[in-house]
Amino acid sequence: MLIFEQSKAGRRAFAQSPATRVELSGIPADQQRKDKPALPEVSEMQAVRHFTRLSQKNFSIDTQFYPLGSCTMKYNPRACNSLAMLPGFLARHPYAPDSHSQGYLSCMYDLQEILKTVTGMKEVSLVPAAGAQGEFAGVAMIRAYHDARKDDARCEIIVPDAAHGTNPATAVMCGYKVKEIPTLEDGDVDVEALKAAVGPQTAGIMLTNPSTVGVFERRIKEIAKIVHDAGGLLYYDGANLNAILGKVRPGDMGFDVIHMNLHKTFSTPHGGGGPGAGAVGVSARLIPHLPVPMAAKNEDGSYGWLTEEDRPQSIGKLMGFAGNAGVLLRAYIYARLLGREGMVRVSEYATLNANYMAAKLKKAGFELAYPDRRATHEFIVTLRKQAKNLDVNAMDFAKRLLDFGFHAPTTYFPIHVPECFLIEPTESEAKDALDGFIEAMIAIQKEAETETEMVKGAPYTLPVRRLDDVKAARELNLKYQPS
Amino acid sequence: MLIFEQSKAGRRAFAQSPATRVELSGIPADQQRKDKPALPEVSEMQAVRHFTRLSQKNFSIDTQFYPLGSCTMKYNPRACNSLAMLPGFLARHPYAPDSHSQGYLSCMYDLQEILKTVTGMKEVSLVPAAGAQGEFAGVAMIRAYHDARKDDARCEIIVPDAAHGTNPATAVMCGYKVKEIPTLEDGDVDVEALKAAVGPQTAGIMLTNPSTVGVFERRIKEIAKIVHDAGGLLYYDGANLNAILGKVRPGDMGFDVIHMNLHKTFSTPHGGGGPGAGAVGVSARLIPHLPVPMAAKNEDGSYGWLTEEDRPQSIGKLMGFAGNAGVLLRAYIYARLLGREGMVRVSEYATLNANYMAAKLKKAGFELAYPDRRATHEFIVTLRKQAKNLDVNAMDFAKRLLDFGFHAPTTYFPIHVPECFLIEPTESEAKDALDGFIEAMIAIQKEAETETEMVKGAPYTLPVRRLDDVKAARELNLKYQPS
Amino acid sequence: MPFIPHTEEEVQAMLADIGASSIDDLFDEIPEGLIVTEDDLKSIPQGLPEMDVARLMQSRARKDGHGVCFIGAGAYDHHIPAAVWQITTRGEFYSAYTPYQAEASQGTLQLLYEYQSMMTALMDMDVSNASLYDGATGVAEAILMAIRGNRKSKSKRVLMPRTVHPAYRKVVKTIVKNQQIEVVEVPFDMATGQTDMAALQAYAGEDYAALVIPQPNFFGVLEDVAGMTDFAHANGMLAIGVVNPLAMSVITPPGQWGETGADIVVGEGQPLGAPLSSGGPYFGFMCCTQALVRQMPGRIIGKTTDLDGKDGYALTLQAREQHIRRSKATSNICTNQGLLVTAATIHMSLLGAEGLARAAASSHHNTNSLVEQLTAINGVEQAFSGAAFHERVLRLPAEAEATLQLLANQDVLGGFNLKDDYPELGDAILVCATEQRTEDEIAEYASKLAKVVGA
Amino acid sequence: MPFIPHTEEEVQAMLADIGASSIDDLFDEIPEGLIVTEDDLKSIPQGLPEMDVARLMQSRARKDGHGVCFIGAGAYDHHIPAAVWQITTRGEFYSAYTPYQAEASQGTLQLLYEYQSMMTALMDMDVSNASLYDGATGVAEAILMAIRGNRKSKSKRVLMPRTVHPAYRKVVKTIVKNQQIEVVEVPFDMATGQTDMAALQAYAGEDYAALVIPQPNFFGVLEDVAGMTDFAHANGMLAIGVVNPLAMSVITPPGQWGETGADIVVGEGQPLGAPLSSGGPYFGFMCCTQALVRQMPGRIIGKTTDLDGKDGYALTLQAREQHIRRSKATSNICTNQGLLVTAATIHMSLLGAEGLARAAASSHHNTNSLVEQLTAINGVEQAFSGAAFHERVLRLPAEAEATLQLLANQDVLGGFNLKDDYPELGDAILVCATEQRTEDEIAEYASKLAKVVGA
Ligand SMILES: Cc1ncc(COP(=O)(O)O)c(C=O)c1O
Ligand SMILES: Cc1ncc(COP(=O)(O)O)c(C=O)c1O
């Protein structure tokens, strides 16, 4: 039942607004709203009960194994939540003077320093709201760099075909054309194709390493050289940073600019779709172009802001205020809980878990997309044989997994691998959970062979059976309308 | 799965204890524990996931209508939780000096004053941990009163047969004998029986008004006179205060001592079985005997404590510290949200809801235990006909209600009404919820007539089917033992 | 190991299954010399137990957040019911991700559908998406959308009043400049604080894709939204409203502006349940007309049915989005501000239309009384004559920055200094008193300001 | 109306169904003159919106809770993982009641079964109940239980060392005195701080129902628990342990005391996840031997199976309880401290045996270092020679109460003043430094105390 269907005219949560309704003095009648917006009218308890019950209809990290590849669904420490929501942090207005902001600013400054070191970049700005905005900031900086050098002919960004959709979309938002290069059989980028693609029109390349196919790009240094020699810059999509945290640094690989998905690698919660934080880090040559504001340490040891005035070549502001502050606080808290030694462990155990699952699933007869490669923090299973021989495809497997109490892996991405599952267990899952998932996959495989229709009708144990996506798009119903 | 079954030797939540294990210096080896207690060894995420999922297996006010008679399961405002858990309140040590306790003490003082006024008693002590301990305090005060007067022959407490089990149990804990008197057909206490029961051996009577049968004791003033004339005192069991809050005051009815279940009437949460708070209020003659400590206002306007030294005739201390402070804070916050006008409404709408349900269920053919009486905040349905004619008893109805998404009412209490449901909707439930429950009752009645075995096999939609209580008691299994 | 559940035994068993002899082996495809050394990371502090981190953060939090807040300027200190964040931070909302597996995410999906329904009701618009990053990026996305969606115009130019939040204008510039979009600023009337309608008229007949219309504008002043909307439509431009959502509970909503209403509406969702929290996370909202829905960026949730015909909710119109459409997507946005929308949906349910209107009216009232008391001080004057909602520009008889710092030293955060963004206003500040400010606090501000400016 | 969902229309419809013309009618059975008038309640403040109550409570909370805490004496400032209360206050735990309908309460029931399993493991005892009010009432209940349950004794007398927490002894007196139970106090050795074993021996051969054995005792001193337990058993008494549960992670648990272990164990559960919170809510725990289980007060959860043979959990042995047994029940307890047990179960799961042992050992270590630094001050001395865990009695060279207040004025809460309860100790205080106290805080205490006592 929708909250609207529980509405009754005149009902409300009386404690939640001022006790009396005052006049809107000074506002001309024709500017005043005449109708009453049709918001639900419910009591406080009705709202609490409704949303509490709604919440129970979700799978989440706090309730299920959630191996969604490329999304790094790991444990979000509860301390990050309670400490980021301390009254002093919640009450700080974004325009509060520095004298009333030293607590927050010191955290941001420290976080910038930690991120610099762990990525090997020269400077970091925390502004971008999510990965995609980090990408935007990064590509915009590449553009600002070429522009500043009057290197105007560079109109193309190179992107591997396996790249996340945000990469090409971002390049276009920054006014670039996108040139795709293929992925080789072994999962590496086609370096020959890259060589052919670069030229005076090349502004840069967007890569993630390990790539979205779950393998480490072995020829990364060669790639960096090719692009740099052509006058382009290298952009690192940090979505997969969890694979190499404290182990390899994008700066050392030759990247000029990176974004980090702090909601992935630094475990701020995904919140049902956000908020995230997409901090960007740069090599020396891009420092002048970083988005503002940034936290700075003054000579007297106090903290302040760097703004457009300090950084006249900055690409400018990206967010109304200074970014997703509460998310950044959570990332900082996480970083302090982990410490440098904990960071290395993140990538080590994320990699162990992924390789273990890959090995076990392979033994169980599942086809790995890159069977001869090490898995990184994630890996790809392709169910193309099942789709062809049994007519049970990746979507069917995914839905049936839900009945076994597991969130499905990422499906049908990367797009060049047919019927694929991108599986990312993360370091915070125990072997028991991995084994449970593997057993479920084996069980579903058996079901697919013997009870095909049953599998294709999954799920059965959730609040709804399989939903009709086509109907959702065809008969658009995007809001409640009283009947 | 039990948390123990997820345990692996050596696993832990590393962030939750000091980083290193120090020596236990100065403690002789023979006093040191040799074995390691078999607590579960799990990661932080495993614990979070386990207990989050466990919670989802509960019915609760935040998720379901929960009309458990005599328990006042109403909405627990979320503000009471967040404000009672403000860091300053959580950090206060119970032995902190008054200089560091003015915030807490002022709340307790104000709460005492509010409770005094709304109950019409002369003074209030907040110490008792729950209703039953409030009863203990009350009866102990009655005893202290008689003892102080050297009125030694009074060895009996009168209790109606409909009384809650804690009443007789408490009387015995205070060293009294219990004399039961019957309830009349119309739900009132048998005044003639009372007259016969009182005498020089009477220490007092324990009553609740409205009584546990859900009707207002009309001859209360007469009862008070009879008991007082016999030299006894009147104890008021405040479990049903929600029925009369701000409407009738126990003090005005002639009671000498009362307890209040703040976790009922003042809506502090029931917490899956507690904590509660059973504040006691007294008439003038019992003031010297109130349990200590109590909050007091000093002449300079600051607040302090009244202790045994100030109250040498006090029955003494009942709790290690000053009672369930966090619960009392929640009650205070609730009282401030309601205010005096809100208190009256509590009893009015609780009564409206109960009478509405009673009327509708009666119309639907259900038998009320006291059909000719006004319901108070609760009322009794007896399913004796269903039990006799259809072999579907109150327990079957209760279990089947769970399948309809409603918590069952209190069953089989009061004990003198066969196959009964004691139904208490509370004021915070909307008509829609009441109607839903009534419809479910009607539907189950139909099922009972046509699908008897199905009803007797309920529930079907919960984490478990009907549980075997007899087995639980016969084959005692009270803790996990690794197999 | 913090947040890692592995026992040594398990590690060995897993390595055996993999056929590797150590965890290091798993990194053997990484080229020589790239593996980080301990030394590389030594400037990062060592890990601390939660207890120690808690102590650190508590001491830092205590340094901030004090002071009575009279700053608005796009972020407002409104009351948020305790229930909002207690429910929002429940693990099932907090630690889930984008509802890609609809059947396992009906909680989030139904909630988002309810959110869309609420926002369209509040704005009186046809459709809503499920959030953008914030109000500022919302304006940028709206401009990109208008340029894509305006069939009557081929222009890559838009009109932007200077009364739009200066930070929003900066963000718009950052985001759209690389696409050769020109943002032409329209001046305001120094007397009223409204957009200068005469200056706007000068663009009549020219090809612009859109006109941005703030309501209330950055100064708190109410624009002639009807006139501006009709002007836009008369000249083939789309009308993009930028509104304070709380204000829309009492002020004419964009769907009712002028003859046919605004085409796109965006704004900062913060007043709907997000704590000030140093400026984020907040959320941007976006609504539009039915005609433009396929141009809208961001997630959209639709109602549908399951195999049994039962109602359910799912992401829809995904063909607009980057994960399907890639370089041709309506935006690059992926992760949005879901959890804030969760909070906003609960917040709006708890307040309802009446509660929002009371909070809005009470904030307006408190600001009126603040302005009255402050302007009683010699030399403190209202800058504009235009009717204003809930925020006001005041001219000070002393240097604005210094005055604000002196007030801050006494724990009064007195307003937003307009000097950098609007030097033409002289020493002017933007003040605001939400429904949370008490009469005492307002009087205290007045008495402190009187002392500071020496009146 | 706060927390009341009724609309006027609904009220009328409901009254019509009832056949009443107004809500007042529903109270027509109440005798004349009993209905409260507005005047009767006028001293109660009017209702306030949540926003105003929040402001009030925030300002009050700010007055308390500051100061660095070196007080223990039965309530300890231990670290509590953030996860504990975030999960505990989930509505499904927070707003449920006693699991009378087992099928709809498997969350609470399984958790309580896990709790019982954890407590028995920690105490090395056979069975545990699901909580009592607190440690003090736990001792009283244990005494009543021992008198009921001791088949070898007909006595209504028990032996109670003076080293038991003075507040517990007072509570015991309040609770048991009306049943003509005699509590005979056993003195302690002024040199060691332990119970005087010679004095205890004097009771050999007499008929007492039980001996209470604190570990550590109120002074922090470790008792000769083996000797005391064996003494009790040799003389037909039941041995009742009163222990700090955190200490039991490193100290010999009651199940291992002497030849056969303690019979009943109770204590204050606060160190297992309850914040200091002005003294409550905490919880009392109780464990006992299998032989005594039917004498135990309070709820007990048992494992059973459902109609399909699936495991499940339910309240069991209810025939002991007041709602079944009424005047013959083992206790009058009904509502217990369930939510605190929820917190404790999560707390113990997060800490584990190793985490508890670390917290215990680290607290012990910090107290040692505090004692070392304080006793370096002229005139400050340890009162007792007995081995102590985690708390210590110090003699001061100045009036204890005044000294503590002077320290408090500098925001050091320096300890518990023993003068009222143990005048024979002179100016003595009980100090404690949990694992949360830092070296700096300890050093600061020492330097402030040095100044205060003028050393
Ligand atoms: C490889 C990759 N790049 C970029 C992104 C975009 O990040 P965000 O969703 O934070 O905008 C994602 C997120 O899913 C991703 O997986
Ligand atoms: C009528 C009545 N009296 C007393 C009590 C005991 O109160 P408590 O459970 O708080 O000890 C109850 C509680 O259920 C009750 O319903």
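Here is how names work: the chains are called A, B, and so on, in the same order as the sequence lines, proteins then strands, and each is numbered from 1. The basis for the numbers below is simple: all heavy atoms, side chains too, and nothing from hydrogens, waters or symmetry mates.
Listed for the Glu103(C) side chain is no donor-acceptor partner under 3.5 Å among the backbone atoms of Lys399(A). Ser362(C) contributes no side-chain N or O that, together with a main-chain N or O of Pro18(A), makes up a donor-acceptor pair within less than 3.5 Å. In this structure, Asp64(C) contributes its side chain and Tyr104(A) its backbone to a donor-acceptor pair below 3.5 Å. Here the side chain of Asn332(C) pairs no donor or acceptor atom with the backbone of Ala169(A) at under 3.5 angstrom. Side-chain atoms of Thr174(C) come within 3.5 Å of backbone N or O of Ile315(A) as a donor-acceptor pair. In this structure, the side chain of Thr108(C) does not engage the main chain of Gly272(A) through any donor-acceptor pair within 3.5 Å.
Only the side chain of Gln256(C) comes within less than 4.5 Å of a heavy atom in chain A; its backbone stays farther off. Contacts between Thr120(C) and chain A at a heavy-atom distance below 4.5 Å involve the side chain alone, from C-beta outward. Contacts of Gln58(C) with chain A are made by both backbone and side-chain atoms, with heavy-atom separations under 4.5 Å. Of the atoms belonging to His407(A), it is side-chain heavy atoms, and not backbone ones, that fall under 4.5 Å from chain C. Contact annotation for Cys334(C): both backbone and side-chain heavy atoms come within less than 4.5 Å of a heavy atom of chain A.
In this structure, Phe3(C) and Tyr75(A) have tilted ring planes: the angle between them lies in the 30° to 60° band. Ring planes of His165(C) and Phe321(A): perpendicular class, angle over 60° (limits at 30 and 60°).
Side-chain contact between Glu348(A) and Phe27(C) is present, with at least one heavy-atom pair separated by less than 4.5 Å. In this structure the side chain of Ile333(A) reaches within 4.5 angstrom of the side chain of Met57(C), judged on heavy atoms.
For an aromatic pair to be called close, the ring centres must be under 6.0 Å apart, and His323(C) with Phe413(A) fails this.
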From CA spacing to verdict: side chain to side chain donor-acceptor pair (under 3.5 Å), Glu427(A), His6(C):
CA-CA 9 Å; Glu427(A) 73 280 8; His6(C) 300 65; over 6 Å; no
When you look at Asp469(A) and Thr316(C), which way does the side chain to side chain donor-acceptor pair (under 3.5 Å) test go after all the steps?
CA-CA 7 Å; Asp469(A) 287 336; Thr316(C) 193; over 6 Å; no
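Once rounded to the nearest 0.5 Å, the distance linking CD of Glu23(A) with CG of Asn368(C) reads 11.5 Å.
Scored by the salt bridge (charged side-chain N to carboxylate O under 4.0 Å, His left out) test, Glu41(A) finds Lys36(A) as partners (sequence neighbours excluded).
Of the residues listed (Arg11(A), Arg21(A), Arg12(A)), the one engaging Glu354(C) in a salt bridge (Lys or Arg N to Asp or Glu O under 4.0 Å) is Arg21(A), and it is the only one.
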